[in-house]
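A, B, ... follow the sequence lines: proteins, then strands. Residue 1 opens every chain.
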Amino acid sequence: MGITATTTASFSLETLPSGHVQLQETLDKKRRRWSSLLHSKDYHTVIREVLSYELGKYANSTSILPKSMSKIMRECILILASAPLIFTAAVDGILTTRFRADQDLQEEYAQIQERAHRQPSIYVHLLADEEGLAPTANQYMVIRDIILKYITYSGDAELAWKIDNVSNPKTSTGAATQGYRKYLWTTDISSRRLKILTKFCDGVYKRWMETPPAERETPMAFPPGECGYALNSHKRLEQHRKHISSNYLMNLVSDICVVLHRDLNLFPHLFSMHQFIIYLIFKPQQVEIAEIFCSGLLQVWIEIGGGFNHYPAGLSTASAKKVTPDEWREHDRFVRDMSPLEHNLKVQRALVDEYAAGLNEGMAGELREALESHSDDEDDIRDVDFKPDDVDTDE
DNA sequence: CGGCTGGTACCGGGAGAATA
DNA sequence: TATTCTCCCGGTACCAGCCG
């Protein structure tokens, strides 16, 4: 019972060299297309595609999202328009390799980090080696093989014991022999966790299958990732490093990577989770949508082989209520000062006319509505004097 | 002694499965 | 069908052990 077929625009029917027929655009191709659309400022197409897949998961949800599509679209536009360099680098898949060499990126990141002590934000984990290179598709399959052994009760107990003792809390050999698996355990071996890990393995296999055989030995262009929200991402990321209130699947994979490198010598490099804070949230009504949209855009979901997210986004955001109106105003001011938000919005307004001129009334209408969906009344903190005429933002 | 740190237990809210 | 139970993510409270 897979996800109901996505209804995104273009399906490509192609035959891989292996003879396998591809019914859907691959993760890799879709991501490259999104990345290039965003560079040409076509936010609208990307948002529509991301949401068409993601929002389906919330069909039965009660109240985490606004009812009107144009309001959701508007928040996504604001996110893209205010995205820092580091966000774009994450979408492009070059963040882990480029970061160390790029001074602009580092300087901007220093500011983001400083803000993230108080300002709600979106963080990511990216699986990469010491140089920032992602595993190859073949290596990802090796990780999958180890997980399949790990979840097999009668499987290799010594291997399971090694994995369970990479990080705290440590476990005994006896427990491992009797079938205990740290990352599968809640009150017993959890069937729910087994299901999630199996789904992850299926996703990895899917991604491997859709990778052309000639490319399976080169690092994947988009590192497997995980994405989340936090009021204080520094604290939250520390919890993840210590495997406290973290994501058991992601913790398992990172421990397996240690075993593969240190004990089994199957990986010449150590793959680990590289942490980044990629986006500063500046409006209360952005919180849930930001986590949902970013995780969709960054393709971190297990079922597509993109990463380690298995639990719905946008649910654990209660802490955002602790931010006071004054603080939100301050966050808003900061983001508008540091990002090209106003300029990008101007480009979007120009695009409405372009679409209209090209007789693409559907797109023009949707985009116009989203841009004009005025953050009505109490919704928006910053209601005061919005002046369409440019405010020359010189630093 | 007060302050820091790391570890652990626990809380809250939402969803979905299990149970009455 | 209504209620309870279990799980997950994000966050807090508290405690033991160490240091100056």
- Message: Is the terminal nitrogen or CZ of A/K170 (NZ for Lys, CZ for Arg) located under 6.0 angstrom from the six-membered ring centre of A/W161 and within 45° of that ring's axis?
- Response: no
- Query: What's the closest nucleotide to the A/T186 side chain, out of C/dC8, B/dT8, B/dA15?
  - Reply: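 For the A/T186 side chain, the nearest candidate turns out to be C/dC8.
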- Which nucleotide in B/dG7, C/dG10, B/dT8 has an atom nearest any side-chain atom of A/E291: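 For the A/E291 side chain, the nearest candidate turns out to be C/dG10.
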- DNA chain C: 5'-proximal contact among A/F308 and A/K235 (nearest heavy atom): A/F308
- With distance as the sole criterion, do the side chain of A/Q239 and the base of C/dG10 form a donor-acceptor contact below 3.5 Å?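 Check fails, no donor-acceptor contact within cut-off.
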- Message: Quick check: any donor-acceptor pair below 3.5 Å linking the side-chain of A/Y311 to the base of B/dG14?
- Response: yes
Take the protein atom [atom1] of [X] and the nucleotide atom [atom2] of [N], then report the distance between them rounded to whole Å.
X	N	atom1	atom2	value
A/K321	B/dG13	NZ	P	9 Å
A/I302	C/dC8	CD1	P	12 Å
A/I244	C/dC8	CD1	C1'	16 Å
A/H240	C/dC9	NE2	P	8 Å
A/E238	B/dT8	CD	P	14 Å
A/I189	C/dC7	CD1	P	12 Å
A/K322	C/dG10	NZ	P	14 Å
A/N309	C/dG10	CG	P	8 Å

Is the distance between the ring centroids of [X] and [Y] less than 6.0 Å?
X	Y	answer
A/Y180	A/W185	yes
A/H274	A/H125	no
A/F99	A/F276	yes
A/Y123	A/H240	yes

OP1 or OP2 of [N] versus the side-chain N and O atoms of [X]: is any pair under 4.0 Å?
X	N	answer
A/S245	C/dG10	no
A/Y123	C/dC9	no
A/R192	C/dC7	no
A/H310	C/dC9	yes
A/R193	C/dC8	yes
A/Y229	C/dG10	no

- For A/P312 and for A/N168, find the nucleotide of DNA chain B with the closest heavy atom, then tell me which residue's nucleotide is more 5'. A/N168
With a 4.0 Å cut-off on heavy atoms, is [X] in touch with a base, just the backbone sugar-phosphate, or nothing at all?
X	value
A/S246	sugar-phosphate
A/A230	sugar-phosphate
A/L231	sugar-phosphate

- Message: Under 4.5 Å between side-chain heavy atoms, counting indirect links through other Ile/Leu/Val/Met/Phe/Trp/Tyr residues: same cluster for A/V204 and A/L133 or not?
- Response: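 A/V204 and A/L133: separate clusters.
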